[in-house]
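Have a look at the structure below before the remarks.
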Amino acid sequence: MITTPNRIARLGTDLGPGALCCLLIGALSYLSNAYFLSKVSALLWAFIYSILIANLIKLPYGLDTGINFCSTNLLRFAVVVLGLTISIVTWTSMGFIGLVQVILVVAFGLSFGLWFGGLMGLEKRMSILIAVGTSICGASAIAATAPSIKAKNEEIGVAIACITLFGLIAMVAYPFIFLFTGLGALLDHSQTAFGVWAGTGIHETAQVMAAAAQVSKEAADVALVTKSVRIFMIAPVVLIATLVFSEGKKDSGITKGRLGIPFFALAFIVATLLNSALLFVPLTKLLWGPIAASFVKPISTFLLATAFAGVGFKVRYQSISIIGIKAFVVGLVVALATGIVAFLLLLFLYIPFSLK
């Protein structure tokens with residue numbers, strides 16, 4: 001009979017090598033984002049590093065247990081911690097028309113992504129990941145949604161590749177279009193309008209800030225607030241994704257007609273509401289605000305990067321190639337359509353009713 005201390009020691013021995021490997025990749029990714037190329041988030045750096053290593057080097061078998069732990073249990077825990085960095089308080093600074101703009105763009109991105117993915121014959125999981133990654137906030141939204149729909153590592157890999165590629169293109173294209181084409185004149189060359197466009201149409205937060213900063217600080221400030229509203233919508237989207245995937249899916253582990261909400265998803269929502277409450281009350285905001293910004297947010301980023309390293313280690317080129325070019329076509333079309341809808345809403349809703 002193995003005693004509890006021996007079990008703990010055995011567990012540490014099994015998890016240690018693989019978890020340490022993911023931890024090192026997480027640290028390298030965090031530093032790469034902070035000191036090398038901030039336009040690529042730490043999560044994406046972790047994915048890039050781990051996929052390269054996994055496909056160029058044959059990893060020892062002893063790493064599997066720790067890698068599996070990071071790509072599953074640690075990922076769920078990291079998503080809950082992420083909830084402590086997301087707040088509904090940002091909604092109050094957007095104004096009613098601004099909120100309508102964001103909600104409509106997110107709703108379009110989700111519904112169009114699911115419809116077009118189905119039209120192209122993608123698996124529903126793949127369509128959901130591309131839709132949430134495009135409409136909400138890139139890798140973070142994919143990280144929060146993937147466990148609740150039991151997404152495969154290869155599907156996560158392709159979805160992240162899509163939002164990375166097309167998000168980086170958008171990061172350059174949006175400011176170019178605004179500054180050097182006639183479309184900028186349609187927006188009255190308004191820096192506020194551009195900030196809302198970048199905040200609603202571009203995938204990753206780092207990409208949003210990089211694009212908006214090319215226009216002005218005012219545009220960057222507006223873009224960050226707009227993007228923050230999108231980020232808060234991760235919570236309801238996780239529930240919607242679980243509901244959508246549960247319908248008619250016997251292999252999902254969720255009984256048809258019953259919404260099997262994962263515990264980590266509920267914990268994530270509670271964490272989000274708790275953070276919102278703490279930041280809403282002036283007294284607790286003074287205490288919690290600096291802690292959340294200086295400690296919780298960096299810890300959340302580091303944990304997600306470490307977990308994503310575990311996911312990346314399990315992604316092989318051969319597996320990704322099986323999914324095919326369809327996913328990238330869907331990602332491109334959804335990104336273009338979402339950006340166009342965001343622009344049109346600016347033109348016919350936000351500018352007429354908010355800026356004039």
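Throughout, numbering of the chain's residues begins at 1 and tracks the sequence.
- Exactly one residue among Leu345, Val196, Leu349, Val102 makes a side chain to side chain contact (heavy atoms under 4.5 Å, CB included) with Ile97. That residue is Leu349.
- Through direct or relayed side-chain contacts under 4.5 Å between Ile, Leu, Val, Met, Phe, Trp and Tyr, Leu224 connects to Met209.
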Using a 3.5 Å cut-off and no angle test, enumerate the donor-acceptor pairs between side-chain atoms of residues 74-87 and protein atoms at least two apart in sequence or in another chain.
from  : atom 1 : to    : atom 2 : distance (Å)
Thr85 : OG1    : Leu82 : O      : 2.7
Ser87 : OG     : Val89 : N      : 3.0

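- Between Trp45 and Phe36, the gap from one ring centroid to the other is short of 6.0 Å.
- Residues that satisfy the side chain to side chain donor-acceptor pair (under 3.5 Å) test with Lys217, not counting sequence neighbours, are Asp221.
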Using distance only, find each side-chain donor-acceptor pair of residues 137-145 under 3.5 Å and give its atom names and separation, not counting sequence neighbours.
from   : atom 1 : to     : atom 2 : distance (Å)
Thr145 : OG1    : Ala141 : O      : 2.8

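- Taking CZ from Phe308 and CZ from Phe47, the interatomic distance works out to 6.5 Å, rounded to the nearest 0.5 Å.
- Residue pairs that meet the ring-ring contact (aromatic ring centres under 6.0 Å, His included) test with at least one member in residues 107-164, sequence neighbours left out, are Phe108-Phe112, Phe112-Trp115, Phe112-Phe116.
- The distance from the OG atom of Ser127 to the NZ atom of Lys326 is 10.5 Å, given to the nearest 0.5 Å.
- Checked against ring-ring contact (aromatic ring centres under 6.0 Å, His included), Phe268 has no partners two or more places apart in sequence or in another chain.
- The shortest distance between side-chain heavy atoms of Phe343 and Leu187 falls below 4.5 Å.
- When atom types are taken as modelled, the side chain of Gln207 and the backbone of Ala170 share no donor-acceptor pair closer than 3.5 angstrom.
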* Full working for side chain to side chain contact (heavy atoms under 4.5 Å, CB included) between Ile25 and Ile53 -> CA-CA 10 Å; Ile25 295 296; Ile53 293 172; 3.6 Å; yes
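- Side-chain heavy-atom separations under 4.5 angstrom define the hydrophobic clusters, and the remaining members of the one that includes Leu165 are Phe166, Ile169, Leu332, Leu336.
- Separation of atoms CG (Leu303) and SG (Cys70) is listed at 10.0 Å; rounding is to 0.5 Å.
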* side chain to side chain contact (heavy atoms under 4.5 Å, CB included) between Tyr49 and Ser29: does it pass, once the steps are laid out? -> CA-CA 8 Å; Tyr49 288 140; Ser29 304; 3.5 Å; yes
Would you mind writing out the side-chain donor-acceptor pairs for residues 285-300 within the sub-3.5 Å range, not counting sequence neighbours?
from   : atom 1 : to     : atom 2 : distance (Å)
Trp288 : NE1    : Asn275 : OD1    : 2.6
Ser294 : OG     : Pro290 : O      : 3.1

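- Among residues two or more places apart in sequence or in another chain, the side chain to side chain donor-acceptor pair (under 3.5 Å) test is passed with Asn153 by none.
- Applying the side chain to side chain donor-acceptor pair (under 3.5 Å) rule to Ser216 yields the partners Gln191; only residues at least two apart in sequence or on another chain are considered.
- For the pair His203/Ile136, no side-chain contact is recorded, criterion being any heavy-atom separation below 4.5 Å from C-beta on.
- Sorted by first and then second residue, the ring-ring contact (aromatic ring centres under 6.0 Å, His included) pairs involving residues 216-242 (not counting sequence neighbours) are Trp91-Phe232.
- The other residues sharing a hydrophobic cluster with Tyr35 are Leu31, where clustering joins ILVMFWY side chains under 4.5 Å apart.
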